[in-house]
Amino acid sequence: MLIENEKILLIKHRKLKMWLCPGGHLEEEELPHQAAEREFFEETGVKVKAIDYLFQVETDRTQYLPNPIETNLHWVSQANYEKRLQSNR
């Protein structure tokens, strides 16, 4: 979500025909904040850096990653969803 000057950048989702924040799916081995930055650029052409709205601290021994405000878990197809259910049993 990009908020600047009290405005939020939205995109018109092609399939859902509604205005949403830019977003997308994780690539293999990709962390959520990396996916957010990549998807945002792919959908808007705007380069952004994900930040944690509370705080972010870097040390020489640890790394704090930006926490998403919201995460939506869904499956692109029914077949993928059923395959995932079977692998969790």
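As a basis for the values below, the full set of heavy atoms in this structure was taken, side chains included, without hydrogen atoms, waters or symmetry mates. Nothing fancy with the numbering, it's 1 onward along the sequence. Keep in mind the model is a prediction, meaning the values are calculated, not measured.
- Under the 4.5 Å side-chain heavy-atom criterion for ILVMFWY residues, no single connected hydrophobic cluster contains both Val48 and Met1.
- The two residues His25 and Ala35 make their nearest non-hydrogen contact at O-CB, 4.4 Å.
- For the atom pair CD1 of Ile51 and NE2 of His33, the computed distance is 12.5 Å after rounding to the nearest 0.5 Å.
- The backbone N or O of Asn67 lies less than 3.5 Å from a partner atom in the side chain of Asp52, making a donor-acceptor pair.
- For the residue pair Ala50 and Pro66, the shortest heavy atom distance occurs at O-CG, 3.5 Å.
- The minimum heavy-atom distance between Cys21 and Ile8, with the atom names listed, is SG-CG2, 4.3 Å.
- Atom NZ of Lys17 and atom NZ of Lys15 lie 10.5 Å apart (nearest 0.5 Å).
- Residue Thr44 comes nearest to Ile11 through the heavy atom pair CG2-CG2, 3.9 Å, listed as atom of the first residue, atom of the second, then distance.
- By the criterion of side-chain heavy atoms lying less than 4.5 angstrom apart, applied directly or through intervening Ile, Leu, Val, Met, Phe, Trp or Tyr residues, Leu2 is not grouped with Trp19; the two fall into different hydrophobic clusters.
- With rounding to the nearest 0.5 Å, the separation of CG in Leu26 from CZ in Arg38 is 8.0 Å.
- The nearest pair of heavy atoms linking Val46 to Phe40 is O-CD2, 3.6 Å.
- At distances below 3.5 Å, not a single donor-acceptor pair connects side-chain atoms of Glu37 with backbone N or O atoms of Gln34.
- At distances below 3.5 Å, at least one donor-acceptor pair connects side-chain atoms of Glu30 with backbone N or O atoms of Glu27.
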